Amino acid sequence: MRDENCIFCKIANGEIPSSTVYEDEEFRAILDLGPASKGHTLILPKEHFRDLTELPEDWCGKALFLAGRIGSAMKKELGAAGFNVVQNNGTEAGQTVFHFHVHVIPRYENGPKIAAWEPGTTVPEEQAEIAEKLKNALS
Ligand code: AMP
Ligand code: ZN
């Protein structure tokens with residue numbers, strides 16, 4: 001299903017032009033207009049899913065596989081030394097466009113700094129409590 005009010009639905013389905021680097025029946029991958037580094041790419045499904053929690057399993061597999069292919073192309077053709085695969089879910093997590101997308105961000109030697117988290121601290125009791133809650137939810 002598409003959402004008439006969603007800009008990424010329009011881009012993914014070719015109604016709004018984009019710098020497309022890959023397209024098949026289910027996905028379009030485009031260059032990000034506000035790139036974190038040269039070649040920053042977004043993978044967009046052609047159907048509307050708000051975020052990862054709505055994306056069906058087979059689409060998940062294809063999206064991640066495609067991210068790997070795009071990352072390989074970045075290393076081969078753009079001289080990237082590595083790449084990050086980033087996927088934001090929810091406003092607090094940095095999501096600004098509520099149509100599922102995967103960022104593939106090439107990283108270069110001496111390239112732009114991209115913020116990463118500062119490692120925090122924990123204690124075994126806290127880890128055990130958290131692990132128990134998630135294990136229960138996932139079983
Ligand atoms: P997120 O913050 O994870 O929701 O990512 C949204 C991304 O979409 C940002 O990196 C934006 O720069 C990018 N973006 C927004 N509008 C467009 C557009 N029309 N074409 C290409 N990239 C876009
Ligand atoms: Zn959409």
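Counting starts at 1 for both ligands and their atoms, following the listed order. Values in this document were obtained by computation on a predicted structure and should not be read as measured data.
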ask   = Are the ring centres of F27 and W59 closer than 6.0 Å?
value = yes
ask   = Mind checking what makes salt bridge (Lys or Arg N to Asp or Glu O under 4.0 Å) contact with K135, not counting sequence neighbours?
value = E132
request  = Can you see which heavy atom on P45 is nearest to which on A12, and at what distance?
outcome  = O-CB, 3.5 Å
query = With no hydrogens and no angle check, is any side-chain donor or acceptor of N89 less than 3.5 Å from a backbone partner on L52?
reply = yes
note = By side-chain hydrogen bond (donor to acceptor under 3.5 Å, both in side chains), E15 pairs with (sequence neighbours left out) R2
query = the Zn ion (ligand 2) is nearest to which N, O or S atom of H48?
reply = ND1
ask   = Have Y22 and D24 got a donor and an acceptor in their side chains that come within less than 3.5 Å?
value = yes
What are the atom names and distances for all N or O pairs under 3.5 Å between ligand 1 and the protein?
from     : atom 1 : to   : atom 2 : distance (Å)
ligand 1 : 2 (O)  : G94  : O      : 2.8
ligand 1 : 2 (O)  : T96  : N      : 3.4
ligand 1 : 2 (O)  : T96  : OG1    : 3.0
ligand 1 : 3 (O)  : N88  : ND2    : 2.9
ligand 1 : 3 (O)  : H101 : NE2    : 2.9
ligand 1 : 3 (O)  : H103 : NE2    : 2.8
ligand 1 : 4 (O)  : T96  : N      : 2.7
ligand 1 : 4 (O)  : T96  : OG1    : 3.2
ligand 1 : 4 (O)  : V97  : N      : 3.0
ligand 1 : 4 (O)  : H101 : NE2    : 3.0
ligand 1 : 5 (O)  : H101 : NE2    : 3.0
ligand 1 : 5 (O)  : H103 : NE2    : 3.2
ligand 1 : 10 (O) : D32  : OD1    : 3.3
ligand 1 : 10 (O) : D32  : OD2    : 2.5
ligand 1 : 12 (O) : D32  : OD1    : 2.5
ligand 1 : 22 (N) : L33  : N      : 3.2

request  = Provide the atom name of the closest N, O or S atom of H99 relative to the Zn ion (ligand 2).
outcome  = ND1
message = Per the side chain to side chain donor-acceptor pair (under 3.5 Å) rule, what does the pair list look like for residues 44-53, sequence neighbours excluded?
response = E23-K46, H48-H99, D51-T53
